Amino acid sequence: MKKLRLIIKREFIAKVRNRSFIVMTFLSPLIMIGMGFLIFFLMKKNDEKVKKIVFVDESGLFKENVFINTETIKYQDFTKLGLSDSKEKVKNGDFYGVLHIPKLDSLEVLANSVEFFSKDTPSMTIISSLEGKIERKIRNEKLTKFGIDLEKIKASRISSDIKMFDFSGEKSSKLKNGLKIGIGAVAGYLLMMFVMIYGTSVMRSVIEEKTSRIIEVIVSSVKPFQLMMGKIIGNASAGLLQFIIWGILFLILSTVLSVVFGMNFIEMQSTKVSPEQIKVMTEATVGKGEIILQEFFRLPLLKLFLLFIFYFLGGYALYSSLFAAVGAAVDNETDTQQFMMPIMLPLILAVYVGFATVIENPHGPISIIFSYIPLTSPIVMLMRVPFGVAWWEIVLSMLLLVLTFLFVVWLAAKIYRVGILSYGKKPSYKDLWKWIRYSG
């Protein structure tokens, strides 16, 4: 046990003293927030640019109340100028493009004969907007020809907003469901990335020690199983430290936001808010940003964070044992490629299952099954948790993950024990099977 502690300490210190680890620990949250603001800023700046679109309406149907100016799009009627002269003027001027609407007797043919000319590839959003305006105008023209009163159709339109509650009377909303989807998706994706990063780190560490022949000295005093476990736990401890620091930064950010927006997030987490209170709070807020923050901090964030830590450690330990076995079996990182795909496939599958099924139906049979399978449960279960999962399901998933980890460690240790001292030969799956069966 003393030797195991020494190995864990060595791996942990080597990891946390690494300059890239220190930099990314403190800069990653700032980089992510900065990237979000940068994307938002660039999108806003892109939308601020005014686009001037001219239209040539030979049909005479689109003269009034169709092409209405907005803050970013301005329309100009060049019908009198004609198509050829309009194209030439737009080509040599500061215009976005020319919309040409020909004169045709059939509205059905007209709907598919409208043309748009531009110097560069036009935005699909703008084209879709123009198509929507044209479709609505032509549909109204057809309804008028059928003798249908458009004003009565407009008067008959009514929107519906379904109020959502659970059986305890707590109110839900589309915004809250959207936040659950977003949090689950981000947590699942981050878990996959961290497992891959820290798992491959263990594999590279094993390969480095094996190729430098340091491992021959180490295994003379330490059992291969202890060395493998020490590497896994040491790297996991470094990753856990990184998460704790990020959690502290998150709490600091929460405190700052609570001061700025005047909201007590602790009370929002610890108390139940009635539907009437939610309505009053929603109506009292000025912008959507405050509403989103209120809904976000009303989620079970502590539960999500603790489960994220557990599934990170469980998923990392499970996959790291496989990565360590692969690192022990080969002489260089190039030879690992043939063994990487079977290991990475369950992780990729878990992400696809999460996005394809959990988001749409978090309590469906596919979501439930993959949240129990240990190779996919760290991601899929984490994506299900924001939608509410029974404790017995979480406990069962945890238990299966721990038992599978113990079995995989036992299996990987057999490969590690033989492969760590094997040199000069590129191993195959047949060789790995022989090493597993070897009991001497």
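Given the structure is predicted, the values throughout are model-derived calculations rather than measurements.
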(message) Do L130 and Y75 have side chains that approach each other closer than 4.5 Å (heavy atoms only, starting at C-beta)?
(response) yes
(request) May I ask you to test the M381-M398 pair for a side-chain heavy-atom distance under 4.5 Å? (result) no
(message) On a heavy-atom basis, which atom in F116 and which in G97 lie closest, and how many Å separate them?
(response) CZ-CA, 3.8 Å
(message) Quick one, I394 and Y311 - any side-chain contact, counting heavy atoms below 4.5 Å?
(response) yes
(request) Answer yes or no: is there a donor N or O on one side and an acceptor on the other, between the side chain of S397 and the main chain of E393, under 3.5 Å? (result) no
(message) Determine whether a donor-acceptor pair (N or O, by modelled atom type, separation under 3.5 Å) exists between the side chain of S371 and the backbone of I368.
(response) yes
(request) Kindly say whether T125 contributes a backbone atom to a donor-acceptor pair with the side chain of S129 at under 3.5 angstrom? (result) no
(request) Flag the pair Y96 / P122 as yes when at least one side-chain heavy-atom distance between them is below 4.5 Å, and no otherwise. (result) yes
(message) Side chains of K74 and K51, heavy atoms from C-beta outward: is any pair under 4.5 Å?
(response) no
(message) Measuring centre to centre across the rings, with the benzene-like ring taken for any Trp, is F55 within less than 6.0 Å of F62?
(response) no
(request) Find out whether M383 and V351 are in side-chain contact, i.e. whether some heavy atom of one side chain is under 4.5 Å from a heavy atom of the other. (result) no
(request) Examine distances only and state if a side-chain atom of S320 and a backbone atom of I232 form a donor-acceptor pair shorter than 3.5 Å. (result) no
(message) If you count heavy atoms of other groups shown closer than 6.0 angstrom to CG of L6, is the number above 12?
(response) yes
(request) Tell me, please, whether F95 has K52 positioned over its six-membered ring: NZ or CZ under 6.0 Å from the ring centre and within 45 degrees of its axis? (result) yes
(message) For I73, is there any backbone N or O sitting under 3.5 Å from a side-chain donor or acceptor partner on T70?
(response) yes
(request) Return the minimal non-hydrogen interatomic distance between G93 and K119, and the atom names on each side. (result) O-NZ, 3.1 Å
(message) Does the plane of the ring in F323 sit parallel, tilted or perpendicular to the ring in Y319? Use 30° and 60° as the thresholds.
(response) tilted
(request) Would you check, one step at a time, whether the test side chain to side chain contact (heavy atoms under 4.5 Å, CB included) holds for F310 with V402? (result) CA-CA 10 Å; F310 174 84; V402 171; 4.1 Å; yes
(message) Would the distance check show the side chain of S367 and the main-chain N or O of N361 forming a donor-acceptor pair, the cut-off being under 3.5 Å?
(response) yes
(message) Any non-hydrogen side-chain atom of L99 less than 4.5 Å from a side-chain atom of V114?
(response) yes
(request) Look at the rings of Y316 and F312 and say which category their plane angle falls in: under 30° parallel, 30 to 60° tilted, over 60° perpendicular. (result) parallel
(message) Measuring only between side-chain heavy atoms, which start at C-beta, is L401 closer than 4.5 Å to P378?
(response) yes
(request) Check whether the side chains of T357 and Y352 place a donor and an acceptor atom closer than 3.5 Å, and report yes or no. (result) no
